[in-house]
Structure formats: C-alpha cells, structure tokens
Amino acid sequence: MELEEIIKDVKTHMSEKRYIHSLGVMKRIEELAKIYGVDIETAKKVGIAHDVAKEMTKEESLKYVEENGIELDEIEKEVPYLLHGKIGADITKKMYGFTEQMQKAIIYHTTGNPNMDMLAKILYAADKTEENRDFEQYDVEY
C-alpha cells in the first residue's frame, strides 16, 4: 500500500494526539533513515503506523491476540499494554502488506530487542525522540 493511503487509514485508528505523535515519528524516522542508509519510504510507513494498535483497550487487545493466534510471553500476559507492538505488526501485515522486517520494527519499538536491525533501531529512537513527545500524555493504566 502507498504511504499516503496508510497515512489516511492510520488517522482513522488514532486520537488526534496519537496521530500527531505518529506524524512526528514519521518525520524523525525519515531523518534517521537518511543518516543510516535505510529505505526512506519503508521507514516512513513504519513510522506512521507503529502505534496503530496503541489505543485499543485491554479487553480489545486480549480479544485480538486470542482471535488472531498471537503468542504472548509471561511479561505480556502481566502487562497487556505491551501488546500494541505485536498487534500493530499483525494489523499492518494484513492491512498494509508490511514485510517481516517492518513488522519486527513495530514489535520491538517499545521494549527493544538485542537482535534489532537498523530499521527497528531507528524506529525505536524516533519514537522516543520525535519533537512532540510528552511521556506523561502517554501513560496508560491497565
């Protein structure tokens, strides 16, 4: 799917604050992609879509993983807030045709992983450093 289509669709799944954050991540990841030699179009797609599942409720998240056969580790079972990475990766594969590499970047964007490739690393950094980031506004209670 083309970037512009993804941007329009993502906006329908997010609050205004989350969408502004995602636009900021898309902008920051583009800057980092240029520096680190990552495909810019791919990076921008991952940047805008990384939080597509972030605003699902705990109940919606647990229902989604059950219905879609997503395996959870012990930490994810205790802290369902972390599920938005795995759910987002599944959604973006099904809706936007994201590759395995793009999905892994989304899965790892919150917790990190020792085996992250450069796309995953720059998404992780972009998510934490985009210009609109206000960590207090993203507190979630589960």
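Just so we're clear, the structure is a prediction, and the values are computed from it rather than from any experiment. We count residues from 1, following the sequence as given.
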Student: Does a donor on one side chain sit under 3.5 Å from an acceptor on the other, for Glu55 and Ser15?
Tutor: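 Looking only at side-chain atoms, Ser15 and Glu55 do form a donor-acceptor pair, the distance falling under 3.5 Å.
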Student: Do the side chain of Glu2 and the main chain of Glu4 share a donor and acceptor less than 3.5 angstrom apart?
Tutor: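 Not confirmed, Glu2 side chain does not pair with Glu4 backbone.
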Student: Answer with yes or no whether the side chains of Asn115 and Lys104 bring together a donor and an acceptor at under 3.5 Å.
Tutor: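 Result is no, nothing qualifies.
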Student: Can you find a side-chain donor-acceptor pair between Lys86 and Tyr64 that sits under 3.5 Å?
Tutor: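 Result is no, nothing qualifies.
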Student: Tell me whether Glu131 is salt-bridged to Lys27, with the criterion being a basic N under 4.0 Å from an acidic carboxylate O.
Tutor: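 Salt bridge flag = yes for Lys27 with Glu131.
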Student: If only atom types and distance count, is the side chain of His13 paired as donor or acceptor with the main-chain N or O of Val10 below 3.5 Å?
Tutor: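 Not confirmed, His13 side chain does not pair with Val10 backbone.
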Student: Would you call Lys44-Glu41 a salt bridge at under 4.0 Å N-O?
Tutor: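 Between Glu41 and Lys44 there is no salt bridge, as every charged N stays at least 4.0 Å from the carboxylate O atoms.
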Student: What closest approach, in Å, do Leu32 and Ala125 show between heavy atoms, and which atom pair accounts for it?
Tutor: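 Where Leu32 meets Ala125 most closely, the heavy atoms are CD1-CB, 4.1 Å.
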Student: Between Arg28 and Glu31 (salt bridge meaning N to carboxylate O under 4.0 Å), is one present in this structure?
Tutor: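 Salt bridge flag = yes for Glu31 with Arg28.
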Student: Are Asp117 and Lys121 ion-paired here, with the side-chain N under 4.0 Å from a carboxylate O?
Tutor: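 No.
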Student: Test of understanding: clusters of I, L, V, M, F, W, Y form through side-chain heavy atoms closer than 4.5 Å, transitively. Do Ile40 and Tyr96 belong to the same one?
Tutor: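 Each belongs to a different hydrophobic cluster.
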Student: Starting from Tyr124, walk the hydrophobic network (Ile, Leu, Val, Met, Phe, Trp, Tyr; side-chain heavy atoms closer than 4.5 Å) and list everyone else you reach, by chain and number.
Tutor: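 Answer for Tyr124: Ile107, Tyr108, Met116.
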